[in-house]
**Student:** 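Right, I'll just put the structure down here and ask away after.
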Amino acid sequence: MDTLVQILAQGLAIGAVFLLGALGLMIIYGVMGVINLAHGDFVMLGAYTMALLAGSITPLGGIVAAFVVVAALGVLFDLVLVRFLYHKPVASMLGTWGLGMVIRQVVILVLGPNLKYVGVPIGGTLALGFGVQYSAWRAVLVVASALLAAAVALLMLRTPFGLKMRAVIANPAVAQSMGLRVERVNRWAFAFGCGLAGLAGALVAPVATVFPNMGLRYLVGAFLVVILCGLGSIRAAVGWSVAIGIGTAAIAI
């Protein structure tokens, strides 16, 4: 029983990170038709932002900074590359894969290949029963992921920007003809999706090793979630993230 409890607990934490990555992928592909193979590298950039700012600002400040920095980079990458890849699945796969390679090499050149570590902002453990102890920060990670999923759902359903994104997803040509600035919606949607990936990286940095190639694991997990749940349901994304996380934990333990 203790092993089962441990698998479930670890699986929730893994699934929480996959969910944050999957939310960004769902937005980017749904709005722009871009298959973003650099998404894991945006997770890595968020983790590096958290690592570099650790000790200089509060952990919450580092998490917010990771979202802002990676979202800003998303705007830049959209201006120079991604806007030419809208609704071109093969071209977007090749282009973003190359972008990811460039990001990793720049990180290695600027910061070096050495591993980096982030101290756990909230120490201590939670007793889950059957002798299983659970890191308090992993619990924060799970709760934060659930809250962000709810926030994204509310953004899509209850805000003017969410309405614009849903209009572009439904039919970009009609949205354009109705006076909607589709290019601007695409750019900010891409930035938001990248920011969610950076947020995932910042949240996972205290319980993972930060290094240039760390994003591949999260890219695979997030893509698997999106493939299984599709693009229309955040509730399904939550369910599949938990299922894949638990499966991953069961294999690892």
Side-chain angles (χ1 to χ4, degrees), residues 18-49 65-110 148 152 155-156 161-176 180-202 212-216 218-227 230-232 237:
F18 288 169
L19 175 60
L20 289 176
L23 290 173
L25 282 176
M26 290 171 67
I27 291 171
I28 290 171
Y29 183 74
V31 176
M32 290 153 283
V34 171
I35 301 175
N36 183 21
L37 295 184
H39 205 68
D41 298 291
F42 293 131
V43 174
M44 176 267 291
L45 290 174
Y48 265 95
T49 302
F67 178 87
V68 173
V69 168
V70 180
L73 289 173
V75 172
L76 174 63
F77 293 140
D78 182 79
L79 285 169
V80 301
L81 174 65
V82 177
R83 66 191 179 98
F84 302 107
L85 307 176
Y86 294 163
H87 304 289
K88 299 175 182 177
V90 176
S92 66
M93 290 173 65
L94 295 174
T96 56
W97 179 257
L99 175 62
M101 294 176 64
V102 170
I103 291 173
R104 291 192 295 274
Q105 291 304 311
V106 169
V107 169
I108 292 172
L109 288 173
V110 175
L148 285 167
V152 170
L155 173 72
M156 294 294 293
F161 182 62
L163 177 61
K164 292 176 182 178
M165 283 197 291
R166 286 188 285 123
V168 173
I169 291 172
N171 194 317
V174 172
Q176 183 81 35
L180 188 63
R181 300 184 65 176
V182 173
E183 184 176 344
R184 177 175 291 183
V185 174
N186 288 336
R187 180 162 301 141
W188 287 111
F190 185 75
F192 183 62
C194 292
L196 287 175
L199 194 62
N213 291 313
M214 66 175 290
L216 179 60
Y218 304 107
L219 173 68
V220 173
F223 258 108
L224 185 56
V225 171
V226 173
I227 290 170
L231 297 173

**Student:** Which atom names give the shortest non-hydrogen contact between Ser92 and Gly33, and what distance separates them?
**Tutor:**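 Shortest heavy-atom contact: OG-O, 4.2 Å.
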**Student:** Heavy atoms only: give me the nearest Val174-Asn171 pair and the separation to one decimal.
**Tutor:**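 Smallest heavy-atom distance, with atoms named: N-OD1, 3.1 Å.
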**Student:** Can you list, pair by pair, the side-chain donor-acceptor contacts under 3.5 Å of residues 189-198, counting residues two or more places apart and other chains?
**Tutor:**
none

**Student:** Indicate yes or no: at least one non-hydrogen side-chain atom of Leu20 is less than 4.5 angstrom from one of Tyr218.
**Tutor:**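 Not in contact.
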**Student:** Which pair of heavy atoms, one from Ala66 and one from Gly46, lies closest together, and at what distance?
**Tutor:**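 Nearest heavy atoms, Ala66 then Gly46: CB-O, 3.7 Å.
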**Student:** Taking C-beta and beyond as the side chain, do Val168 and Asn186 meet within less than 4.5 Å on heavy atoms?
**Tutor:**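 Yes, side chains in contact.
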**Student:** List the steps, then state whether side chain to side chain contact (heavy atoms under 4.5 Å, CB included) holds for Val226 with Tyr29.
**Tutor:** CA-CA 10 Å; Val226 173; Tyr29 183 74; 5.9 Å; no
**Student:** Got Leu45 and Asp41 here, is their nearest side-chain heavy-atom distance under 4.5 Å?
**Tutor:**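 Result no, sub-4.5 Å side-chain heavy-atom pair not found.
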**Student:** Residues two or more places apart in sequence or in another chain: which of them pass ring-ring contact (aromatic ring centres under 6.0 Å, His included) with Phe77?
**Tutor:**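 Expected list: Phe42.
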**Student:** Just verifying a value: how many Å separate Leu224 CG and Leu25 CG, rounded to the nearest 0.5 Å?
**Tutor:**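 The distance works out to 11.5 Å.
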**Student:** Which residues pass the ring-ring contact (aromatic ring centres under 6.0 Å, His included) test with Phe18, not counting sequence neighbours?
**Tutor:**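 Once residues adjacent in sequence are excluded, Phe18 has no partner under the ring-ring contact (aromatic ring centres under 6.0 Å, His included) criterion.
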**Student:** Could you tell me which residues satisfy side chain to side chain contact (heavy atoms under 4.5 Å, CB included) with Ala91, sequence neighbours excluded, listed by chain and number?
**Tutor:**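 Ala91 satisfies side chain to side chain contact (heavy atoms under 4.5 Å, CB included) with Leu85, Lys88 only.
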**Student:** Of all residues at least two apart in sequence or in a different chain, which pass the side chain to side chain donor-acceptor pair (under 3.5 Å) check with Asp78?
**Tutor:**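 So Asp78 forms a side chain to side chain donor-acceptor pair (under 3.5 Å) with Tyr86, Arg187.
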**Student:** Just how far is it from atom CE of Met165 to atom CG of Leu155, taken to the nearest 0.5 Å?
**Tutor:**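 Rounded to the nearest 0.5 Å, the CE-CG separation comes out at 4.5 Å.
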**Student:** Side chain of Arg104, backbone of Asn213: donor and acceptor closer than 3.5 Å?
**Tutor:**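 Flag not set: sc Arg104 to bb Asn213 has no pair under 3.5 Å.
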**Student:** So Leu19 and Val225, side chain to side chain contact (heavy atoms under 4.5 Å, CB included) or not? Walk me through it.
**Tutor:** CA-CA 8 Å; Leu19 175 60; Val225 171; 5.6 Å; no
**Student:** Side chain to side chain contact (heavy atoms under 4.5 Å, CB included) with Val102: which residues, sequence neighbours excluded?
**Tutor:**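 Per chain and number, Val102 pairs via side chain to side chain contact (heavy atoms under 4.5 Å, CB included) with Val106.
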**Student:** Is the shortest heavy-atom distance from the side chain of Pro172 to the side chain of His87 under 4.5 Å?
**Tutor:**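 In contact.
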**Student:** List the steps and the verdict of side chain to side chain contact (heavy atoms under 4.5 Å, CB included) for Val152 and Met26.
**Tutor:** CA-CA 11 Å; Val152 170; Met26 290 171 67; over 6 Å; no
**Student:** With the side chain counted from C-beta on, respond yes when Tyr48 and Met44 share a heavy-atom pair under 4.5 Å apart, and no when they do not.
**Tutor:**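 A side-chain contact exists here, since the closest heavy-atom pair is under 4.5 Å.
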**Student:** Using a 3.5 Å distance criterion without hydrogens, assess whether the side chain of Thr96 forms a donor-acceptor pair with backbone atoms of His39.
**Tutor:**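 Not confirmed, Thr96 side chain does not pair with His39 backbone.
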**Student:** Between Ala22 and Ala222, which heavy-atom pair has the shortest distance, and what is it?
**Tutor:**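 Heavy atoms of Ala22 and Ala222 come nearest at N-CB, 3.6 Å.
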**Student:** Mind checking the NZ-CZ spacing from Lys164 to Arg181? Nearest 0.5 Å is all I need.
**Tutor:**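 If we round to the nearest 0.5 Å, Lys164:NZ and Arg181:CZ are 9.5 Å apart.
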**Student:** Looking at OG1 of Thr49 and CG of Leu199, how far apart are the two atoms once the value is rounded to the nearest 0.5 Å?
**Tutor:**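 Thr49 OG1 to Leu199 CG: 11.0 Å, rounded to 0.5 Å.
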